[in-house]
Asker: 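Quick one: the structure is below, and I'll ask about it shortly.
Throughout, a chain's letter reflects where its sequence line sits, starting with A, and its residues are numbered from 1. This structure is a prediction, so every number in the text was calculated from the model and none was measured.
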Amino acid sequence: MMSTSTSWADSAGADNPAPAAASSGNDRASGSSSSSAPRPTRSSYVPPHLRNRPPSSAPASADAPSARPGPGGPTSGSRWGRPSRDFGRGGGRGSGGGWNNRIGGWDRGRDREVNPFEIEDDPELAVSGEQENAGINFDAYEDIPVETSGENVPPPVNTFAEIDLGAALNENIRRCKYVKPTPIQRHAIPISLAGRDLMACAQTGSGKTAAFCFPIISGIMKGQVSQRQRGARTVYPLALILSPTRELSCQIHEESRKFAYQTGVRVVVAYGGAPIHHQMRELERGVDILVATPGRLVDLFERAKVSLQMIKYLALDEADRMLDMGFEPQIRKIVEQMDMPPRGVRQTVLFSATFPKEIQRLASDFLANYIFLAVGRVGSSTDLIVQRVEFVHDSDKRSHLMDLLHAQKANGANGKQALTLVFVETKKGADSLEYWLCSNGFPATTIHGDRSQQEREHALRSFKSGIAPILVATDVAARGLDIPHVAHVVNFDIPNDIDDYVHRIGRTGRAGKTGLATAFFNESNSSLARSLADLMKESNQEVPAWLARYAARSSYGGKNRRSGGGRFGGRDFRRDASISRGGSGANGYGDSRGYNIGAYGGGHGPAMTSAWD
DNA sequence: AAAAAAT
């Protein structure tokens with residue numbers, strides 16, 4: 001390899017021979033070709049149908065991100081470095097008084113329980129973004145805007161110690177190096193522990209998964225151990241966590257396994273595109289918490305493999321996505337037409353970063369006397385993300401992207417390529433752009449719904465590890481995925497929904513780090529101009545004059561208006577319903593007195609009022 | 001119109 005200042009992008013032109021990384025511009029090349037002779041990368045492109053090969057077993061090369069000093073100071077360094085393991089394999093699983101120690105639960109399984117913290121130490125096996133909280137600037141929490149509404153909202157806590165989560169869970173919190181609860185955790189955990197239903201708006205990366213997992217795990221530990229038959233045909237999970245993509249379900253599973261380690265609470269994941277029989281065997285070994293995508297869950301239910309009769313906790317991650325047009329019938333079937341206990345009997349929590357009013361109305365069907373909670377983000381929302389919008393005709397997008405990718409290296413990522421996530425509108429467009437990037441010497445890969453699950457997971461791994469530092473993605477990657485070190489999100493095609501834009505750019509600037517988001521705007525996006533300009537204003541971004549003109553020209557209707565006003569999630573639709581309709585939602589609503597607007601002021605000016613008709 | 005989610 002040449003000097004560290006010679007990044008892969010240097011070789012994208014014709015002048016230099018391709019350095020190692022450049023020749024690994026696609027999945028197949030991910031490991032084996034990293035030391036291949038320099039040659040034009042054009043020839044290294046492998047068409048999609050030939051890419052479905054198992055990842056190479058080549059050891060982590062010098063390209064592995066562990067060598068990366070990390071521009072963000074000591075906190076970012078700890079992400080890549082091997083975390084010091086200050087706990088032993090058999091770490092205490094103390095069971096305090098009043099705690100059901102669940103002996104006799106899944107004992108046999110526990111003997112074999114893999115230590116998820118050790119797995120994560122292996123960079124080859126590490127899948128999820130670890131130590132989500134470790135790099136967060138907790139000082140910024142003091143200014144976080146919080147909005148709650150509903151009856152008798154339990155007060156927030158300031159420390160994990162204030163909550164009786166149980167010794168085993170506390171130990172895992174320590175292992176995760178979570179020092180203090182994040183804002184969403186401070187508010188949502190007491191609400192959940194009080195048994196209340198919850199609709200929560202909080203940006204991903206702010207500790208959302210833990211916020212809904214801790215109370216579930218704790219509740220199961222405290223609860224009665226029902227005698228369940230290992231190996232029985234039908235299994236009866238106590239908790240169900242649904243998410244809209246397979247990769248997100250995987251990520252939630254990985255994370256919740258850490259939280260549940262040695263608690264005796266078993267977490268199993270089930271999603272499509274992977275062999276169902278393996279998942280069924282895992283279920284037969286016992287399951288307390290089932291993490292699933294909707295389709296596979298329905299399949300397992302129809303095979304009488306899973307019953308929801310014992311469900312005490314239901315969590316929907318990315319809940320607004322789960323309840324939008326495409327998903328809603330499936331979710332309704334699972335929640336209302338299978339054998340799950342009704343709302344009010346089970347406990348239901350919904351989480352997302354965005355919550356359009358009309359979706360809130362739908363969601364209230366699944367909730368009983370719920371609390372609405374909106375928590376802003378560390379570093380006041382998306383201020384951490386520098387948003388740029390550039391006017392680019394469709395025909396110029398590729399060359400413009402190339403310019404950005406070249407410029408990226410000048411941004412100086414300490415000799416390591418920063419990760420760039422490029423969103424496009426269609427699966428075909430994703431394949432085609434990836435092909436073009438690879439053909440031009442850019443090490444790219446792609447993830448979308450037309451690829452096999454193996455290919456999808458491999459693409460994600462290649463991206464995370466830096467083997468393919470450019471990922472071309474459809475909206476399958478827009479939500480929830482925690483990919484550390486995404487420096488740049490490019491909206492090559494601008495999404496049609498402003499909420500999708502919010503989720504997409506949220507893949508960068510995570511955990512207190514800064515990020516850059518660039519969108520390619522042209523006439524075909526004019527319907528989004530107004531909401532885009534408003535969003536940028538709300539997050540203190542400079543709005544180009546030409547975009548402001550588009551915004552002024554366009555009407556502000558349809559689904560493109562901001563769902564919440566303000567800079568985060570949204571606000572309780574029941575407040576508006578009670579004003580304009582003088583009535584409550586379907587199942588009781590809080591009066592305005594529970595409403596606490598915190599530091600959240602002036603978020604929506606007079607112009608926003610019309611969005612709340 | 002598109003993406004996602006079961007086989």
Asker: What nucleotide among dA5(B), dA1(B), dA3(B) has an atom nearest to a side-chain atom of Lys427(A)?
Answerer: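 Minimum distance to the Lys427(A) side chain belongs to dA3(B).
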Asker: Just checking Gly449(A): base, sugar-phosphate only, or nothing, at a heavy-atom cut-off of under 4.0 Å?
Answerer: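 Touches sugar-phosphate only.
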Asker: Of the candidate nucleotides dA2(B), dA4(B), dA5(B), which contains the atom at the shortest distance from the side chain of Thr293(A)?
Answerer: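 The nucleotide sitting nearest to the side chain is dA5(B).
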Asker: In whole angstrom, what separates Gln279(A)'s CD from dA5(B)'s P?
Answerer: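 My rounded result for the distance is 13 Å.
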Asker: Please report, rounded to the nearest Å, how far the C1' atom of dA6(B) is from the OH atom of Tyr271(A).
Answerer: 14 Å
Asker: Looking only at side-chain N and O atoms, does Thr474(A) come under 4.0 Å of OP1 or OP2 in dA4(B)?
Answerer: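 For dA4(B), OP1 or OP2 has a side-chain N or O of Thr474(A) closer than 4.0 Å.
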Asker: Looking at dA4(B), dA6(B), dA1(B), which one has an atom nearest to any side-chain atom of Arg321(A)?
Answerer: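 When the side chain of Arg321(A) is considered, dA4(B) is the closest of dA4(B), dA6(B), dA1(B).
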Asker: Find out whether the Lys NZ or Arg CZ of Lys397(A) is both under 6.0 angstrom from the six-membered ring centre of Phe492(A) and within 45° of the ring's axis.
Answerer: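 Yes - Lys397(A) lies over the ring of Phe492(A), closer than 6.0 Å to its centre and within 45° of its axis.
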Asker: Using a heavy-atom cut-off of under 4.0 Å over every strand shown, decide if Arg456(A) touches base, sugar-phosphate, or nothing.
Answerer: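 The answer is sugar-phosphate, as Arg456(A) gets under 4.0 Å only of primed atoms, P, OP1 or OP2.
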Asker: Answer yes or no: side-chain N or O of Asn496(A) and base N or O of dA1(B) forming a donor-acceptor pair under 3.5 Å.
Answerer: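 A donor-acceptor contact between them is present.
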Asker: Do the numbers put Arg571(A) on top of the ring of Phe355(A), so that NZ or CZ is under 6.0 Å from the six-membered ring centre and no more than 45° off the axis?
Answerer: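 Here Arg571(A) fails the 6.0 Å and 45° test against Phe355(A).
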Asker: Take the protein atom CD1 of Ile334(A) and the nucleotide atom P of dA5(B), then report the distance between them rounded to whole Å.
Answerer: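 To the nearest whole Å, that distance equals 13 Å.
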Asker: Between dA3(B) atom C1' and His503(A) atom NE2, what is the distance in whole Å?
Answerer: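 Roughly 14 Å, once rounded to whole Å.
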Asker: Measure the distance from CG on Asp450(A) to P on dA5(B) and round it to the nearest whole Å.
Answerer: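 So the two atoms are 11 Å apart, to the nearest Å.
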Asker: Arg504(A) has an atom CZ; how far is it from atom P of dA3(B), in whole Å?
Answerer: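 After rounding, the reported distance stands at 11 Å.
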Asker: Between dA4(B) atom C1' and Asp500(A) atom CG, what is the distance in whole Å?
Answerer: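 Distance, rounded to whole Å: 11 Å.
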Asker: Tell me whether Asp482(A) is salt-bridged to Arg507(A), with the criterion being a basic N under 4.0 Å from an acidic carboxylate O.
Answerer: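 Arg507(A) and Asp482(A): not salt-bridged.
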Asker: Contact class for Asp475(A) (heavy atom, under 4.0 Å): base, sugar-phosphate, or nothing?
Answerer: nothing
Asker: Whole Å only: how far is the CZ atom of Arg303(A) from the C1' atom of dA6(B)?
Answerer: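 Those two atoms, CZ and C1', are 9 Å apart.
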Asker: According to ring pair (Phe, Tyr, Trp, His ring centres under 6.0 Å), who are the partners of Tyr550(A), at least two apart in sequence or on a separate chain?
Answerer: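 Here the qualifying residues are Phe521(A).
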Asker: Report which part of the nucleic acid Arg246(A) touches: base, sugar-phosphate, or nothing (heavy-atom distance under 4.0 Å, all strands).
Answerer: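 Sugar-phosphate contact only - Arg246(A) comes under 4.0 Å of backbone atoms but never of a base.
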Asker: Who are the salt bridge (Lys or Arg N to Asp or Glu O under 4.0 Å) partners of Asp500(A), not counting sequence neighbours?
Answerer: none
